[in-house]
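Okay, so here's the structure we're looking at.
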Number of protein chains: 2
Amino acid sequence: MSRPREFDADHALHQCMEVFWTKGYHATSYEDLTRTTQVKKQSLYGVFKSKRELFLKSLALYREQSIELLEERAAGKKSPVEKLQAICEAALFPDEAAVKRGCLMINASLEFDSGDEEINREVMLMTGTVEKILLRVIRSGQEQGEITTRMTDRELAAHLNNAIGGAKVLEKSGTPREQVSHILHTTIALMQA
Amino acid sequence: MSRPREFDADHALHQCMEVFWTKGYHATSYEDLTRTTQVKKQSLYGVFKSKRELFLKSLALYREQSIELLEERAAGKKSPVEKLQAICEAALFPDEAAVKRGCLMINASLEFDSGDEEINREVMLMTGTVEKILLRVIRSGQEQGEITTRMTDRELAAHLNNAIGGAKVLEKSGTPREQVSHILHTTIALMQA
DNA sequence: CAAGTTTTTGAATGAACAGTCAAGTAAAAG
DNA sequence: CTTTTACTTGACTGTTCATTCAAAAACTTG
């Protein structure tokens with residue numbers, strides 16, 4: 001017995017995430033959000049308590065999306081090295097619109113104070129999961145003799161994860177996609193047996 | 001025949017750079033700057049036209065300082081691989097106060113819009129110079145048979161530079177120094193012949 | 001001491017922004 | 001048609017911030 005919501009809260013969240021991803025948290029004004037979602041200020045406040053809450057929800061959504069995409073690339077019947085290539089591609093360029101936006105998670109971890117617990121939790125959740133996926137692929141690569149055993153699987157996973165993070169920074173700073181891609185190819189090549 | 005400046009503009013710039021480095025551009029208020037420099041607002045405005053100008057000067061100063069430190073580590077009579085280790089150490093932890101601040105240049109390149117020409121120029125000047133230094137050391141390492149020739153010197157330089165950038169992000173996000181250091185060791189180990 | 005210029009001090013301006021309030025409107029369900 | 005709840009609209013609060021103004025004080029050189 002009440003008037004139903006006229007907008008799709010989930011869709012609005014997706015749109016907000018895109019804005020935060022593109023402009024960053026601080027540079028995004030509430031007006032930016034209402035303009036792109038076409039949802040009135042009051043209604044947005046009604047569903048999400050504050051700009052910060054909206055951002056945290058965006059981060060979680062981003063994490064879920066990214067992990068899902070990565071899992072996808074890590075599955076299938078390709079060889080471990082091919083999977084690593086696919087994962088790198090997915091991490092950097094999930095879709096066409098992603099150019100120059102970098103990684104929402106990395107952007108957030110740099111934009112907020114290091115002591116921000118809520119942000120940190122989200123970031124660590126993401127990196128932890130990513131590294132686990134990498135570890136799995138790398139280990140199987142080592143077992144198949146495709147990837148070097150000069151370093152442990154953990155060392156290699158941390159190393160690759162770091163390189164991917166660096167690449168995301170390069171991407172955001174405007175380095176051409178080709179060049180970024182090439183760097184990660186080098187990184188993976190050096191990990192091969 | 002005029003009253004002389006009561007503060008050292010250069011010293012004040014150094015202090016401002018530290019503040020920007022620690023807090024980022026947007027999170028730094030003009031009041032933060034006047035408080036730490038102990039220079040009155042009017043006087044600061046007298047020497048530097050605006051907060052942005054002050055930041056750009058800080059970036060340039062940072063670049064000069066960092067490059068100088070790197071050149072230092074790249075010189076001397078150590079072996080190429082040892083030099084790379086030293087360079088990584090210098091890039092990450094120039095001094096004790098640097099923990100958790102990351103790299104001013106990377107922080108800036110992420111904080112500002114990708115289209116900001118003045119910022120981009122400064123960032124590219126920095127990365128270009130750093131990569132040249134890396135290239136030199138890597139090439140000599142290849143000539144001495146210490147570093148792999150599976151990849152070209154340029155590829156390896158870009159790769160290492162990327163890894164260092166990633167490490168600087170990790171550093172700023174609060175990853176323990178030991179862990180960051182270990183990752184770069186892995187990276188360098190993988191580049192050895 | 002006097003001239004000239006720069007600092008200091010404190011107030012003021014004007015813009016942007018997150019978040020709130022309140023009055024009116026619209027829709028679903030009984 | 002009435003109740004209940006949510007949406008709309010627009011104005012408003014209170015804060016923070018970069019930047020500017022203007023008048024008073026201080027210092028160097030002639």
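Protein chains get the first letters and strands the later ones, always in sequence-line order, with residue 1 at the start of each.
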What pairs meet the salt bridge (charged side-chain N to carboxylate O under 4.0 Å, His left out) rule with one or both residues in residues 71-86 of chain A, with sequence neighbours excluded?
E71(A)-R136(A)
Taking side chain to side chain donor-acceptor pair (under 3.5 Å) as the cut-off, I'd like each qualifying pair that reaches into residues 19-28 of chain A, sequence neighbours left out, listed once.
K23(A)-D32(A)
Any salt bridge (charged side-chain N to carboxylate O under 4.0 Å, His left out) involving residues 156-178 of chain B? Give me the pairs, sequence neighbours left out, ordered by first then second residue.
E89(B)-R177(B)
For residues 183-193 of chain B, which side-chain donor-acceptor pairs fall under 3.5 Å, sequence neighbours excluded?
{"from": "H185(B)", "atom 1": "ND1", "to": "Q85(B)", "atom 2": "OE1", "distance (Å)": "3.4"}
{"from": "T186(B)", "atom 1": "OG1", "to": "H182(B)", "atom 2": "O", "distance (Å)": "3.1"}
{"from": "T187(B)", "atom 1": "OG1", "to": "H159(A)", "atom 2": "ND1", "distance (Å)": "2.8"}
{"from": "T187(B)", "atom 1": "OG1", "to": "I183(B)", "atom 2": "O", "distance (Å)": "3.0"}

Given atom CG of L44(B) and atom P of dT6(C), what is their separation to the nearest angstrom?
16 Å
Could you pull out the protein-nucleic contacts involving nucleotides 16-21 of chain C (nitrogen or oxygen on both sides, under 3.5 Å)?
{"from": "dA18(C)", "atom 1": "OP1", "to": "T28(A)", "atom 2": "O", "distance (Å)": "3.4"}
{"from": "dA18(C)", "atom 1": "OP1", "to": "Y30(A)", "atom 2": "N", "distance (Å)": "3.4"}
{"from": "dA18(C)", "atom 1": "OP1", "to": "K51(A)", "atom 2": "NZ", "distance (Å)": "2.9"}
{"from": "dA18(C)", "atom 1": "OP2", "to": "Y30(A)", "atom 2": "N", "distance (Å)": "2.7"}
{"from": "dG19(C)", "atom 1": "OP2", "to": "Y45(A)", "atom 2": "OH", "distance (Å)": "3.1"}
{"from": "dG19(C)", "atom 1": "OP2", "to": "K51(A)", "atom 2": "N", "distance (Å)": "3.0"}
{"from": "dG19(C)", "atom 1": "O5'", "to": "Y45(A)", "atom 2": "OH", "distance (Å)": "3.4"}
{"from": "dG19(C)", "atom 1": "O6", "to": "K41(A)", "atom 2": "NZ", "distance (Å)": "3.0"}
{"from": "dT20(C)", "atom 1": "O4", "to": "Q42(A)", "atom 2": "NE2", "distance (Å)": "3.0"}
{"from": "dC21(C)", "atom 1": "N4", "to": "Q42(A)", "atom 2": "OE1", "distance (Å)": "3.4"}
{"from": "dC21(C)", "atom 1": "N4", "to": "Q42(A)", "atom 2": "NE2", "distance (Å)": "2.1"}

Under the salt bridge (charged side-chain N to carboxylate O under 4.0 Å, His left out) definition, can you give me all pairs with a residue in residues 106-129 of chain A, not counting sequence neighbours?
R52(A)-D116(A), R52(A)-E118(A), R63(A)-E122(A)
What is the distance from NZ of K40(A) to P of dA11(D), rounded to the nearest Å?
14 Å
